[in-house]
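Before we start, here is the structure in question, set down as structure tokens.
In this text the structure is predicted, and so the values were computed from the model without any measurement.
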Amino acid sequence: FLKKYRKSKNISKYQKTVCEVNLAASYIAEGSLDQAKELLETLLKSTKDSPLLHGNTLELCAQLYIHKNEYEKAKDSLLKAQNKLKNTQGLQSFYVKKWHAINQLLNSSIKTPSLVTRVLEVKKEAENRRNWETLRECDLYIAKATNDIELFNTLYFGTSFSKYKMKIKHFMPKKFK
């Protein structure tokens with residue numbers, strides 16, 4: 001739908017850009033990282049005049065870098081996103097906070113309780129916000145960082161979505177698959 005919508009002649013430039021940001025997010029969620037990278041490179045240029053869209057694009061770049069284990073690049077993108085989104089309200093700043101916590105946890109060779117606690121704090125905030133996707137993502141990245149097979153199993157058997165089950169299996173250590 002998004003691919004078709006972005007080609008529509010009846011939408012404004014802003015609507016097209018919003019569509020492309022959402023398309024980039026869907027590429028990341030689906031694991032189409034090359035397509036996401038290509039679109040994000042374009043969006044980084046085209047969203048410069050919109051702090052909200054540029055901040056969202058930077059946050060998506062950070063997600064891409066996290067998926068590619070490029071944690072320093074992710075950190076840089078998150079700091080830039082945080083700066084762009086500092087005057088906005090809503091979920092955008094919360095998502096930057098979420099990815100900061102996840103990035104720090106995954107980037108550390110020693111998974112200290114304080115790093116896990118930061119992600120758990122985001123998880124608690126997600127619960128308060130009734131943001132179930134973020135809550136589930138926090139569990140997934142904690143399971144990945146700590147090799148917690150019980151948490152992987154809870155996530156795996158707690159979803160009926162086959163694509164999400166594939167994502168969980170991808171994150172699992174080989175010895176548990």
Side-chain angles (χ1 to χ4, degrees), residues 2-3 18-47 53-85 91-111 115-116 118-123 125-126 131-149 151-156 158-159 161-177:
L2 291 172
K3 289 179 190 178
V18 170
C19 175
E20 289 175 338
V21 169
N22 288 325
L23 182 59
S26 69
Y27 284 150
I28 292 168
E30 293 289 320
S32 301
L33 302 183
D34 291 336
Q35 289 175 291
K37 181 180 185 237
E38 183 179 324
L39 185 53
L40 288 169
E41 286 171 352
T42 302
L43 285 167
L44 283 171
K45 296 172 189 163
S46 67
T47 60
L53 291 175
H54 197 68
N56 288 353
T57 299
L58 288 162
E59 181 249 324
L60 290 170
C61 286
Q63 287 185 50
L64 177 68
Y65 292 136
I66 289 168
H67 283 288
K68 295 174 132 202
N69 301 322
E70 296 178 12
Y71 302 117
E72 288 306 312
K73 287 182 178 180
K75 179 182 175 183
D76 183 53
S77 288
L78 288 165
L79 290 172
K80 289 176 183 175
Q82 189 173 22
N83 186 47
K84 283 286 182 186
L85 297 169
L91 288 175
Q92 292 81 13
S93 294
F94 173 64
Y95 291 142
V96 170
K97 179 180 175 181
K98 163 187 148 180
W99 290 109
H100 261 303
I102 289 169
N103 189 54
Q104 285 184 321
L105 178 62
L106 295 176
N107 190 27
S108 175
S109 57
I110 301 170
K111 310 304 179 201
L115 292 173
V116 174
R118 285 200 63 214
V119 178
L120 290 172
E121 288 168 356
V122 170
K123 180 181 170 183
E125 187 175 343
N131 187 310
W132 310 125
E133 185 64 28
T134 293
L135 191 141
R136 182 170 69 169
E137 289 284 291
C138 288
D139 280 343
L140 179 61
Y141 284 97
I142 289 171
K144 177 182 178 178
T146 61
N147 293 323
D148 185 338
I149 189 62
L151 189 50
F152 274 124
N153 283 335
T154 298
L155 288 163
Y156 186 85
T159 186
F161 300 108
S162 59
K163 292 256 184 189
Y164 200 75
K165 285 184 183 228
M166 287 173 42
K167 182 176 183 177
I168 294 165
K169 285 174 109 175
H170 175 74
F171 279 29
M172 279 183 167
K174 288 184 180 17
K175 66 182 177 182
F176 296 132
K177 291 183 183 178

Handout entry: Separation of Y141 OH from K98 NZ (nearest 0.5 Å)
Key =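 Separation between the atoms: 8.0 Å.
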Exercise for the section: Would you give the length of the straight line joining atom CG of L155 to atom NZ of K169, rounded to the nearest 0.5 angstrom? Expected result: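 Here the interatomic distance stands at 14.5 Å.
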Exercise for the section: Measure the shortest side-chain to side-chain distance between N103 and Y65 over non-hydrogen atoms and say whether it is less than 4.5 angstrom. Expected result: no
Handout entry: Sub-4.5 Å side-chain heavy-atom contact between E137 and K167
Key =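 SC-SC contact between E137 and K167 confirmed.
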Practice task
Report the residues that fulfil salt bridge (charged side-chain N to carboxylate O under 4.0 Å, His left out) with K123, sequence neighbours left out, ordered by chain and then residue number.
Solution key: D139
Completion exercise
Heavy-atom closest pair (F152 atom, M172 atom, distance to 0.1 Å) is CB-CE, 3.5 Å
Handout entry: Non-neighbouring partners of S93 that pass side-chain hydrogen bond (donor to acceptor under 3.5 Å, both in side chains), sequence neighbours left out
Key =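 In terms of side-chain hydrogen bond (donor to acceptor under 3.5 Å, both in side chains), with neighbours along the sequence ignored, S93 is linked to no residue.
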Exercise for the section: Would you sort out whether E72 and N107 count as a side chain to side chain contact (heavy atoms under 4.5 Å, CB included), showing the intermediate values? Expected result: CA-CA 8 Å; E72 288 306 312; N107 190 27; 3.3 Å; yes
Problem - Separation between OG of S77 and CD1 of I66, rounded to the nearest 0.5 Å - result: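 With rounding to 0.5 Å, OG (S77) is 9.5 Å from CD1 (I66).
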Problem - Other residues, nucleotides, ligands: >12 heavy atoms within 6.0 Å of K165 NZ - result: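 Counting neighbours around NZ of K165, more than 12 heavy atoms of other residues, nucleotides or ligands fall under 6.0 Å, so yes.
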Exercise for the section: Write down the atom of A81, the atom of E59, and the distance for their closest heavy-atom approach. Expected result: CB-N, 3.9 Å
Handout entry: Value rounded to 0.5 Å, distance of OG1 in T57 from CG in L53
Key = 6.5 Å
Problem - pair I142-D148: side-chain heavy atoms closer than 4.5 Å - result: no
Exercise for the section: For the residue pair W99 and H67, categorise the inter-ring angle as parallel (less than 30°), tilted (30 to 60°) or perpendicular (more than 60°). Expected result: tilted
Exercise for the section: Tell me, with the steps shown, if Y95 and N56 meet side chain to side chain contact (heavy atoms under 4.5 Å, CB included). Expected result: CA-CA 9 Å; Y95 291 142; N56 288 353; over 6 Å; no
Problem - Separation between CG of L78 and CD of Q63, rounded to the nearest 0.5 Å - result: 9.0 Å
Exercise for the section: Answer yes or no: is there an ion pair linking E70 with K75, defined by an N-O contact shorter than 4.0 Å? Expected result: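 Here E70 does not pair with K75 in a salt bridge, since their nearest N and O are not under 4.0 Å apart.
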Practice task
Go through the side-chain N and O atoms of N22 and Y27 and say whether any donor and acceptor fall under 3.5 Å apart.
Solution key: no
Practice task
Would you name the heavy atoms of I102 and V119 that are closest together and state the gap between them?
Solution key: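 Result for this residue pair: N-CG2, 4.1 Å.
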Problem - Between CG on residue L91 and NZ on residue K97, distance to nearest 0.5 Å - result: 12.0 Å
Handout entry: Heavy-atom pair with the smallest gap, counting every atom of I168 and T159
Key =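 In terms of heavy atoms, the two residues are closest at CD1-CG2, 4.3 Å.
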Problem - Sub-6.0 Å ring centroid separation between Y164 and Y156 - result: no
Problem - Check against side chain to side chain contact (heavy atoms under 4.5 Å, CB included), L79 and H100 - result: CA-CA 9 Å; L79 290 172; H100 261 303; 3.9 Å; yes
Practice task
Apply the side-chain contact (heavy atoms from CB on, under 4.5 Å) test between V96 and each candidate in N83, L58, L85; give the one that qualifies.
Solution key: L85
Practice task
Check the pair L64 / K68 against side chain to side chain contact (heavy atoms under 4.5 Å, CB included), numbers first and verdict last.
Solution key: CA-CA 6 Å; L64 177 68; K68 295 174 132 202; 4.2 Å; yes
Handout entry: Closest non-hydrogen atom pair between A36 and I28, with its separation
Key =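 So the two residues come closest at CB-CG1, 3.7 Å.
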Handout entry: Over 12 foreign heavy atoms within 6.0 Å of NZ, K80
Key = no
Please tabulate, for side-chain N and O atoms in residues 39-47, each donor-acceptor pair with protein atoms closer than 3.5 Å (sequence neighbours left out).
{"residue": "E41", "atom": "OE2", "partner": "K37", "partner atom": "NZ", "Å": "3.4"}
{"residue": "T42", "atom": "OG1", "partner": "E38", "partner atom": "O", "Å": "3.4"}
{"residue": "S46", "atom": "OG", "partner": "T42", "partner atom": "O", "Å": "3.4"}
{"residue": "T47", "atom": "OG1", "partner": "L43", "partner atom": "O", "Å": "2.6"}
{"residue": "T47", "atom": "OG1", "partner": "H54", "partner atom": "ND1", "Å": "2.8"}

Exercise for the section: Give a yes or no on this: more than 12 heavy atoms of other residues, nucleotides or ligands lie within 6.0 Å of atom CG of D34. Expected result: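 Counting neighbours around CG of D34, 12 or fewer heavy atoms of other residues, nucleotides or ligands fall under 6.0 Å, so no.
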